[in-house]
*Asks:* 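Got a structure for you, questions after.
Treat the numbers as computed from the prediction; the structure is a model and nothing was measured.
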Amino acid sequence: MRQTDSKQELLDQRYMRMAFIWAENSYCKRRQVGALLVKDKMIISDGFNGTPAGFENICEDDNNVTKPYVLHAEANAITKVARSNNSSEGATLYVTSSPCIECAKLIIQAGIKRVVYADSYRLSDGIELLRRAEIEMIALEMA
């Protein structure tokens with residue numbers, strides 16, 4: 001492994017640990033997911049899964065089913081950067097769970113070039129779409 005590869009891997013591990021900490025902000029009971037958007041070694045956006053701004057912070061209904069309007073962490077991070085002066089073009093997305101197909105479409109359209117994830121989502125269609133779009137996908141083993 002080249003020195004630059006190991007340096008990038010250390011950065012990936014650090015940002016992923018931060019994404020896991022950020023996931024703790026989620027009010028969702030079934031699963032807490034965190035995301036960070038990083039560009040030029042700067043965090044330009046963050047997100048966690050939850051309800052839209054102004055809604056009650058309850059993600060599941062009485063049957064413990066996730067409400068249909070709950071936003072995924074990736075979508076929150078991407079829409080948050082869209083409201084800022086930053087650009088996600090060429091950025092890396094660190095997310096604690098691999099993206100679903102809907103988030104994968106947002107990632108492609110946002111110009112994100114690299115996705116680092118820890119856990120695998122139950123469906124792999126998001127990963128497959130991102131690979132098809134030639135976005136670098138890295139499954140990170142957390143120590």
Side-chain angles (χ1 to χ4, degrees), residues 1-60 64-143:
M1 183 183 302
R2 295 184 326 219
Q3 186 176 358
T4 54
D5 288 344
S6 62
K7 190 179 239 184
Q8 184 61 57
E9 191 173 324
L10 282 173
L11 280 173
D12 288 347
Q13 292 273 348
R14 287 182 186 136
Y15 285 126
M16 186 60 73
R17 283 196 305 271
M18 292 170 74
F20 272 103
I21 290 168
W22 203 244
E24 294 173 16
N25 288 314
S26 173
Y27 287 89
C28 296
K29 293 176 183 162
R30 292 181 64 214
R31 183 175 212 168
Q32 293 180 314
V33 180
L36 293 178
L37 259 176
V38 176
K39 186 174 178 180
D40 301 325
K41 296 183 183 173
M42 291 188 314
I43 297 170
I44 60 169
S45 189
D46 53 57
F48 51 87
N49 57 326
T51 57
F55 282 64
E56 74 287 347
N57 288 319
I58 301 169
C59 298
E60 295 85 10
N64 201 36
V65 174
T66 300
K67 293 179 179 178
Y69 54 84
V70 168
L71 290 159
H72 288 187
E74 307 94 313
N76 266 326
I78 290 167
T79 55
K80 191 173 179 180
V81 80
R83 293 178 67 176
S84 74
N85 292 327
N86 287 313
S87 166
S88 54
E89 187 70 40
T92 296
L93 177 69
Y94 293 89
V95 62
T96 58
S97 186
S98 62
C100 70
I101 190 105
E102 294 302 316
C103 288
K105 291 187 259 183
L106 293 174
I107 291 164
I108 293 165
Q109 291 301 95
I112 295 166
K113 294 299 176 205
R114 190 168 174 264
V115 176
V116 181
Y117 65 94
D119 303 326
S120 291
Y121 184 63
R122 60 185 169 84
L123 302 173
S124 62
D125 51 358
I127 292 174
E128 292 164 17
L129 183 64
L130 291 168
R131 285 194 177 123
R132 187 171 162 203
E134 298 182 359
I135 292 173
E136 184 181 358
M137 298 294 299
I138 297 169
L140 193 62
E141 295 276 330
M142 292 302 291

*Asks:* So, taking the atom named SG in C100 and the one named NZ in K105, what distance separates them when rounded to the nearest 0.5 Å?
*Replies:* 9.0 Å

*Asks:* Answer yes or no: is there a side-chain heavy-atom contact under 4.5 Å between E74 and L93?
*Replies:*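 The answer is yes, as the side chains (C-beta and beyond) meet within the 4.5 Å cut-off.
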
*Asks:* When you compare the side chain of D46 with that of L37, does any pair of heavy atoms fall below 4.5 Å?
*Replies:*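 L37 does not reach D46 side chain to side chain.
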
*Asks:* Could you pull out all residues at least two apart from Q109 that satisfy side chain to side chain donor-acceptor pair (under 3.5 Å)?
*Replies:*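 Side chain to side chain donor-acceptor pair (under 3.5 Å) list for Q109, sorted by chain: empty.
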
*Asks:* State the CD-CD distance between Q32 and E24, to the nearest 0.5 angstrom.
*Replies:*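 Reported value, rounded in 0.5 Å steps: 7.0 Å.
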
*Asks:* Nearest 0.5 Å, please: how far is OG1 in T96 from CG in L140?
*Replies:* 11.5 Å

*Asks:* Using every non-hydrogen atom in the two residues, find where G34 and A23 come nearest and quote the distance to one decimal.
*Replies:* N-CB, 3.3 Å

*Asks:* Any heavy-atom pair between the side chains of Y15 and I43 that's under 4.5 Å?
*Replies:*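 Yes. Closest side-chain heavy atoms under 4.5 Å.
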
*Asks:* I'd like to check L130 versus E128 (side-chain heavy atoms, cut-off strictly below 4.5 Å). Are they in contact?
*Replies:*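 A side-chain contact under 4.5 Å is absent here.
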
*Asks:* Of R31, R30, E60, which is the lone residue that meets side chain to side chain donor-acceptor pair (under 3.5 Å) with T66?
*Replies:*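 Running side chain to side chain donor-acceptor pair (under 3.5 Å) over R31, R30, E60 with T66 returns exactly one hit, R30.
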
*Asks:* Mind listing the closest non-hydrogen atom pair of S120 and S97 along with its distance?
*Replies:* C-OG, 4.3 Å

*Asks:* Please enumerate all residues that pass salt bridge (Lys or Arg N to Asp or Glu O under 4.0 Å) together with K39, with sequence neighbours excluded.
*Replies:*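 For K39 there are no salt bridge (Lys or Arg N to Asp or Glu O under 4.0 Å) partners, ignoring immediate neighbours.
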
*Asks:* Taking C-beta and beyond as the side chain, do L129 and I101 meet within less than 4.5 Å on heavy atoms?
*Replies:*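 Heavy-atom side-chain distance check passes, below 4.5 Å.
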
*Asks:* Is D12 paired with R114 through a side-chain N to carboxylate O contact shorter than 4.0 Å?
*Replies:* yes

*Asks:* Closest approach of A104 and P99, non-hydrogen atoms and distance?
*Replies:*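 Closest pair (atom of A104, atom of P99, distance): N-CB, 4.3 Å.
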
*Asks:* Answer yes or no: is there a donor N or O on one side and an acceptor on the other, between the side chain of Y94 and the main chain of F20, under 3.5 Å?
*Replies:* no

*Asks:* Return the CZ to CD1 distance between R131 and I135, rounded to the nearest 0.5 Å.
*Replies:*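 Taking CZ in R131 and CD1 in I135, the distance rounds to 11.5 Å.
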
*Asks:* Quick one: do L36 and V95 satisfy side-chain contact (heavy atoms from CB on, under 4.5 Å)? Show the steps, please.
*Replies:* CA-CA 7 Å; L36 293 178; V95 62; over 6 Å; no

*Asks:* Are the side chain of T51 and the backbone of V70 linked by a donor-acceptor contact shorter than 3.5 Å?
*Replies:* no

*Asks:* How about E134: does its CD atom have over 12 heavy atoms from other parts shown lying under 6.0 Å from it?
*Replies:* no

*Asks:* Might you point out which heavy atoms bring A35 and W22 nearest each other, and give the distance in Å?
*Replies:* O-CD1, 4.1 Å

*Asks:* Heavy atoms only: give me the nearest A75-C103 pair and the separation to one decimal.
*Replies:* N-SG, 4.2 Å

*Asks:* Please give me the minimum heavy-atom distance between S88 and A110, naming the atom from each residue.
*Replies:* OG-O, 2.7 Å

*Asks:* When you compare the side chain of L11 with that of Q8, does any pair of heavy atoms fall below 4.5 Å?
*Replies:* yes

*Asks:* Is the closest side-chain heavy-atom distance between M137 and Y117 below 4.5 Å?
*Replies:*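 A side-chain contact exists here, since the closest heavy-atom pair is under 4.5 Å.
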
*Asks:* Checking S45 side chain against K80 main chain: does a donor-acceptor pair fall under 3.5 Å?
*Replies:*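 Checking the backbone N and O of K80 against the side chain of S45, no donor-acceptor pair under 3.5 Å is found.
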
*Asks:* Would you check if T92 and V116 make a side-chain contact, meaning some heavy-atom pair closer than 4.5 Å?
*Replies:*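 Contact flag for T92/V116 side chains = yes.
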
*Asks:* Can you tell me how far the CD1 atom of I127 sits from the OH atom of Y121, to the nearest 0.5 Å?
*Replies:* 11.5 Å

*Asks:* Output the distance between atom CE (M18) and atom CZ (R14), rounded to the nearest 0.5 Å.
*Replies:* 11.0 Å

*Asks:* Take atom NZ of K67 as the centre, draw a 6.0 Å sphere, and report whether it contains more than 12 heavy atoms from other residues, nucleotides or ligands.
*Replies:*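 Yes.
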
*Asks:* If we ignore hydrogens and angles and just use 3.5 Å, is the side chain of S26 paired with the main-chain N or O of N49 as donor and acceptor?
*Replies:* yes

